Amino acid sequence: MVRATPRASRSQIAGIGLDADGRSVLAVRIAAPPSEGAANADLVDLLAAELGIRKRDVVIHRGETGRNKQVHVAGDAMALIARLEALNGG
């Protein structure tokens with residue numbers, strides 16, 4: 001699960017946190033406003049760039065109009081986990 005916050009000063013992965021239900025979420029700040037799909041496109045661009053994968057390998061499955069999004073990322077699971085841990089400072 002990804003928790004996106006639009007209209008940030010810059011787009012960045014903010015780390016791993018917990019949602020209100022105690023589930024782990026990837027917190028992401030997006031510079032684009034949440035209008036006409038701009039924030040979703042920026043989210044896909046950011047995740048692809050930070051994870052070193054193609055944009056077409058990042059797909060938003062649910063939550064296109066909300067802050068909480070279910071995102072599918074295609075690729076080598078172990079390499080993606082290692083990259084997320086490195087981005088999170090772990």
Side-chain angles (χ1 to χ4, degrees):
M1 185 72 67
V2 174
R3 172 118 176 122
T5 302
R7 292 192 178 111
S9 59
R10 68 182 183 135
S11 293
Q12 65 182 13
I13 293 178
I16 297 175
L18 298 175
D19 68 5
D21 296 328
R23 295 177 296 203
S24 294
V25 294
L26 180 65
V28 178
R29 295 184 182 118
I30 302 297
S35 61
E36 299 180 16
N40 288 337
D42 200 9
L43 173 64
V44 169
D45 292 348
L46 175 68
L47 290 176
E50 292 291 337
L51 296 174
I53 59 176
R54 299 171 296 194
K55 290 179 194 177
R56 69 180 182 195
D57 290 335
V58 180
V59 178
I60 299 173
H61 277 282
R62 286 192 194 142
E64 291 174 339
T65 59
R67 289 184 186 222
N68 294 323
K69 300 173 186 303
Q70 184 178 20
V71 178
H72 174 78
V73 179
D76 178 1
M78 296 308 290
L80 292 170
I81 290 169
R83 184 67 182 139
L84 281 173
E85 287 175 346
L87 290 170
N88 196 42

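The structure displayed is predicted, hence computed values, not measured ones. Just so you know, residue 1 is the first one in the sequence shown, and it goes up from there.
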| message | If you compare all heavy atoms of P6 against all heavy atoms of A32, which two are closest, and at what distance to 0.1 Å? | response | CB-O, 3.5 Å
| task | Can you measure from NZ (K69) to CE (M1) and round to the nearest 0.5 angstrom? | result | 11.0 Å
| query | So how far is it from S11 OG to D42 CG, rounded to the nearest 0.5 Å? | reply | 3.5 Å
| With sequence neighbours left out, what residues match R7 under side chain to side chain contact (heavy atoms under 4.5 Å, CB included)? | P33, P34
| message | Which residues pass the side-chain hydrogen bond (donor to acceptor under 3.5 Å, both in side chains) test with E50, not counting sequence neighbours? | response | none
| remark: Here the side chain to side chain donor-acceptor pair (under 3.5 Å) pairs for residues 27-37, sequence neighbours left out, are none
| Which residue pairs satisfy the ring-ring contact (aromatic ring centres under 6.0 Å, His included) criterion with at least one member in residues 53-79, sequence neighbours excluded? | H61-H72
Give the table of side-chain donor-acceptor pairs shorter than 3.5 Å for residues 15-28, with sequence neighbours excluded, one pair per line with atom names and distance.
unit_1	atom_1	unit_2	atom_2	d
D19	OD1	D21	N	2.9
D19	OD1	G22	N	3.0
D19	OD1	R23	N	2.8
D19	OD2	R23	NE	3.0
D19	OD2	R23	NH2	3.1
D21	OD2	R23	NH2	3.2

| Partners passing side chain to side chain contact (heavy atoms under 4.5 Å, CB included) against R54 (at least two apart in sequence or in another chain) | R56, D57
| Nearest atoms (heavy-atom pairs only) where A4 meets I30 | CB-CG1, 4.4 Å
| request: Under the side-chain hydrogen bond (donor to acceptor under 3.5 Å, both in side chains) rule, collect the residues that match up with R3, sequence neighbours excluded. | output: N68
| Sequence neighbours excluded, every pair satisfying ring-ring contact (aromatic ring centres under 6.0 Å, His included) that has a member inside residues 8-32 | none
| query | Is there any ring-ring contact (aromatic ring centres under 6.0 Å, His included) pair reaching into residues 23-51, and which pairs are they, with sequence neighbours excluded? | reply | none
| What pairs meet the ring-ring contact (aromatic ring centres under 6.0 Å, His included) rule with one or both residues in residues 35-58, with sequence neighbours excluded? | none
| message | Checking V44 now: which residues fulfil side chain to side chain contact (heavy atoms under 4.5 Å, CB included) with it, not counting sequence neighbours? | response | K55, V58, I60
| said: Tell me which pairs pass salt bridge (charged side-chain N to carboxylate O under 4.0 Å, His left out) where either residue lies in residues 73-83, with sequence neighbours left out. | reply: none
| field | Rounded distance (nearest 0.5 Å) linking atom CG of L43 with atom CD of E64 | value | 11.0 Å
| Separation of D45 CG from N40 CG (nearest 0.5 Å) | 11.0 Å
